[in-house]
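Because the structure is a prediction, the values reported are computed rather than measured. A note on names: the letters A, B, ... follow the listed sequences, proteins ahead of strands, and every chain is numbered from 1.
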Protein chains: 4
Amino acid sequence: MEILHTQSQDRRTALIQAACEVIAEKGLEGLRIRVVAARVGINPATMYYYFATKEDLIEGVLDHLFSTLGILSEEPAGTPREQLHAHLSRLSRRMRDDPGLFAVLSEMQLRAGRSFSISRFQEYEEKWHRKLENLLQTGIRQGFWPNYLDPDQVATTIILLMQGAALQTTTGIRRIDNSINQLERWLTGR
Amino acid sequence: MEILHTQSQDRRTALIQAACEVIAEKGLEGLRIRVVAARVGINPATMYYYFATKEDLIEGVLDHLFSTLGILSEEPAGTPREQLHAHLSRLSRRMRDDPGLFAVLSEMQLRAGRSFSISRFQEYEEKWHRKLENLLQTGIRQGFWPNYLDPDQVATTIILLMQGAALQTTTGIRRIDNSINQLERWLTGR
Amino acid sequence: MEILHTQSQDRRTALIQAACEVIAEKGLEGLRIRVVAARVGINPATMYYYFATKEDLIEGVLDHLFSTLGILSEEPAGTPREQLHAHLSRLSRRMRDDPGLFAVLSEMQLRAGRSFSISRFQEYEEKWHRKLENLLQTGIRQGFWPNYLDPDQVATTIILLMQGAALQTTTGIRRIDNSINQLERWLTGR
Amino acid sequence: MEILHTQSQDRRTALIQAACEVIAEKGLEGLRIRVVAARVGINPATMYYYFATKEDLIEGVLDHLFSTLGILSEEPAGTPREQLHAHLSRLSRRMRDDPGLFAVLSEMQLRAGRSFSISRFQEYEEKWHRKLENLLQTGIRQGFWPNYLDPDQVATTIILLMQGAALQTTTGIRRIDNSINQLERWLTGR
DNA sequence: AATGAATGAGAGTTCATTCAT
DNA sequence: AATGAATGAACTCTCATTCAT
């Protein structure tokens with residue numbers, strides 16, 4: 001019983017994973033049920049046992065994306081500055097090691113305003129923004145960063161920078177690492 | 001003859017313009033020959049007189065895009081700092097007034113690594129990078145910015161920031177203005 | 001053992017009943033195993049324990065239909081005229097109280113010439129015709145109706161009228177009651 | 001130009017005709033675009049050039065049906081009794097010569113309450129009813145039929161009878177002719 | 001220079017049915 | 001006696017593209 005449940009979960013996860021890969025390679029517009037099913041080794045019709053529609057599968061990818069990237073997960077203990085650093089360097093490292101995930105992130109962002117099923121993307125992003133804002137606010141109050149910084153503004157800058165970089169993962173030209181370092185130095189007043 | 005040629009050009013331009021609008025509204029994956037033709041008021045088959053394939057039309061949009069955005073156009077005379085400021089605030093203003101254009105930019109960037117016809121996008125971007133790099137280098141040499149700045153790095157940061165913001169135009173949440181101002185202050189050492 | 005058999009029968013009946021309801025609501029072409037099973041509260045696969053195929057289930061509905069309508073059941077004692085009246089007013093009342101049953105009747109009639117599993121419908125109808133014919137013949141012989149009436153012909157008219165009315169149950173516009181009364185008056189010579 | 005227009009109309013008509021045949025043979029639930037297209041000798045996709053959806057095609061069949069049956073068309077000049085006779089015997093003859101049309105009629109009637117695209121069927125039927133009612137009313141006023149007859153009631157009876165008979169065309173057992181004759185005799189008081 | 005008509009390839013989705021457990 | 005998981009075959013519909021006129 002437990003095993004069956006686990007197998008079933010596994011297949012769901014496998015489908016999401018496969019869909020994620022396909023999106024990274026071919027874009028959301030290149031996502032085909034047939035291809036996803038083939039990667040998992042099942043009949044296309046079987047996908048509909050796990051997801052009611054293609055849109056549902058994409059929603060699954062959306063959730064998977066944010067939980068895998070760990071954008072919203074708790075940072076390890078430390079000063080706000082250390083926490084921000086941990087956050088940024090984790091994302092930076094991840095972007096180097098698994099650029100596909102960030103390609104998917106861009107795909108989602110681009111459709112967030114157009115597709116209903118992806119519109120939940122914006123909630124995730126809002127949470128991300130608030131997380132960064134809180135971190136910055138706390139850090140400024142505790143004197144880790146100069147108090148002329150506007151937490152909201154800086155949070156926005158960080159997110160724009162990360163998403164600009166994510167957008168580049170498909171071509172793979174620009175690197176985010178240096179920009180991140182630079183930004184951290186700027187924040188602390190060089 | 002000359003007149004005919006001009007009319008022909010007009011229609012080509014009209015098709016590109018229409019395609020651009022559709023891409024801004026529905027995304028590249030939502031681009032339909034039928035819809036573009038209808039906007040221009042012609043039969044879909046007629047489009048094939050002006051463009052051999054859909055991809056060709058998209059290439060046309062790509063060229064139109066960069067020339068319209070004026071990313072690569074000469075900046076008005078002034079110090080490097082004034083020129084950079086002019087460049088950034090022009091883009092910033094444009095993004096506010098005509099977000100559709102930047103939505104198209106994101107669409108192109110996202111597919112640049114996947115679609116052959118859009119791969120030329122990267123050349124444009126490369127030119128943009130070099131333009132910024134040169135401007136920064138000159139400015140640093142002339143003492144407008146501190147010399148610990150790395151022109152290449154800063155150029156990258158600017159581009160990432162702009163493209164992150166362009167990506168947001170479909171949802172319209174985050175604004176680039178503040179981030180740009182902040183960046184300029186950081187560059188001059190606050 | 002006996003109990004199990006009874007339970008088994010119950011479930012068979014429940015499935016037929018559910019199928020009957022679905023056919024009344026959505027038509028035979030709208031009949032889905034999934035939906036029938038859900039109404040009974042079982043897994044679709046379980047249905048195949050009780051019926052070999054969907055067609056078998058439909059055959060079950062066919063039998064259920066005629067036994068429930070009581071078209072072929074013995075009429076209460078009385079003169080032929082009373083018996084015919086009882087027959088017609090019972091059907092007429094039934095049509096008002098449970099139109100769904102007659103909707104199913106129409107569905108069956110319509111497919112009777114096309115689907116093998118429903119072709120048995122015609123045997124039922126033949127029996128109905130004979131029953132009416134006998135009743136009329138006896139009544140005419142006994143002087144309840146004028147002898148210029150052709151029992152076969154009148155039986156046909158009655159059946160056509162009833163089925164025309166059954167066909168209307170899905171829209172629910174025309175009523176059979178008045179037509180029946182009128183017919184009975186005509187039969188007796190006004 | 002004129003020729004092209006005619007050809008185009010021809011193909012539309014051919015598609016409707018073919019659809020009509022398929023419905024008569026296999027029922028509305030057995031109607032397949034592929035089959036209809038094949039009968040006309042075109043690619044299935046081409047059907048969508050003439051009809052936006054399958055439903056549209058069915059609506060086309062609905063209109064074709066009533067205009068072909070001539071149910072609502074003007075009757076030749078004559079007394080009301082002659083007109084009614086002409087009407088009924090025309091339908092009766094037609095039912096013998098082209099039973100398929102009446103099979104389609106039944107198919108439509110059966111779905112009239114369920115399918116939006118077929119719901120217009122009821123408007124046609126309402127017109128039919130009014131036509132008969134008027135005819136009967138005039139005839140009664142002019143003394144062709146006894147004045148104890150209720151035009152509305154008789155009109156209903158006629159329609160039910162015809163539709164009951166139409167429903168039988170798929171099996172082809174019962175004949176409407178005798179019932180019609182009988183009815184006409186009854187109307188005139190034998 | 002323009003178009004009406006046509007099409008091939010392929011998309012997502014549905015459903016009766018099967019089978020191991 | 002029951003079910004979760006799986007599937008093959010079919011369905012409607014879309015779209016870039018072609019071609020005779």
Donor-acceptor pair, A/Ser117 side chain versus A/Glu59 backbone, under 3.5 Å? no
Can you label the angle between the D/Phe121 ring and the D/Phe66 ring as parallel, tilted or perpendicular, going by 30° and 60°? perpendicular
Measure CD/D/Glu29 against C1'/F/dC11 and give the value in whole Å, please. 14 Å
What does the 5'-to-3' dot-bracket notation of DNA chain F look like when only Watson-Crick and G-U wobble pairs under 3.5 Å count, and pairs to other strands show as |? .||||||||||||||||||||
Taking any heavy-atom pair under 4.0 Å as a contact, classify C/Tyr50: base, sugar-phosphate, or nothing. sugar-phosphate
Can you tell me the distance, in whole Å, between the CD1 atom of A/Ile42 and the P atom of F/dA5? 12 Å
Assess whether atom NZ of A/Lys54 is packed by more than 12 heavy atoms of other residues, nucleotides or ligands within 6.0 Å. yes
List for me each residue that meets salt bridge (Lys or Arg N to Asp or Glu O under 4.0 Å) alongside D/Glu29, sequence neighbours excluded, and say none if there are none. C/Arg111, D/Arg111
C/Met108 versus C/Val61: any side-chain heavy-atom pair under 4.5 Å? yes
Determine: side-chain N/O of D/Thr46 to OP1/OP2 of E/dA5, distance under 4.0 Å, yes or no. no
Across nucleotides 12-19 of chain E, 5' to 3', mark each nucleotide with B, S or - according to how protein heavy atoms within less than 4.0 Å reach it. SBBBSBBB
Find the distance between NE2 (D/His64) and CG (D/Leu62) and round it off to the nearest 0.5 Å. 11.0 Å
Using whole Å, what does the distance between atom C1' of nucleotide F/dA5 and atom CG of A/Leu15 come to? 13 Å
May I have the distance from C/Phe51 (atom CZ) to F/dA2 (atom P), rounded to whole angstrom? 13 Å
Quick one: D/Asp10 CG to E/dG4 P, roughly how many Å, whole number? 18 Å
Cut-off 3.5 Å, side chains only: do B/Asp56 and B/Tyr50 have a donor facing an acceptor? no
Kindly determine whether D/Ile16 and D/Asp63 satisfy side chain to side chain contact (heavy atoms under 4.5 Å, CB included), including the steps that lead there. CA-CA 10 Å; D/Ile16 288 176; D/Asp63 294 329; over 6 Å; no
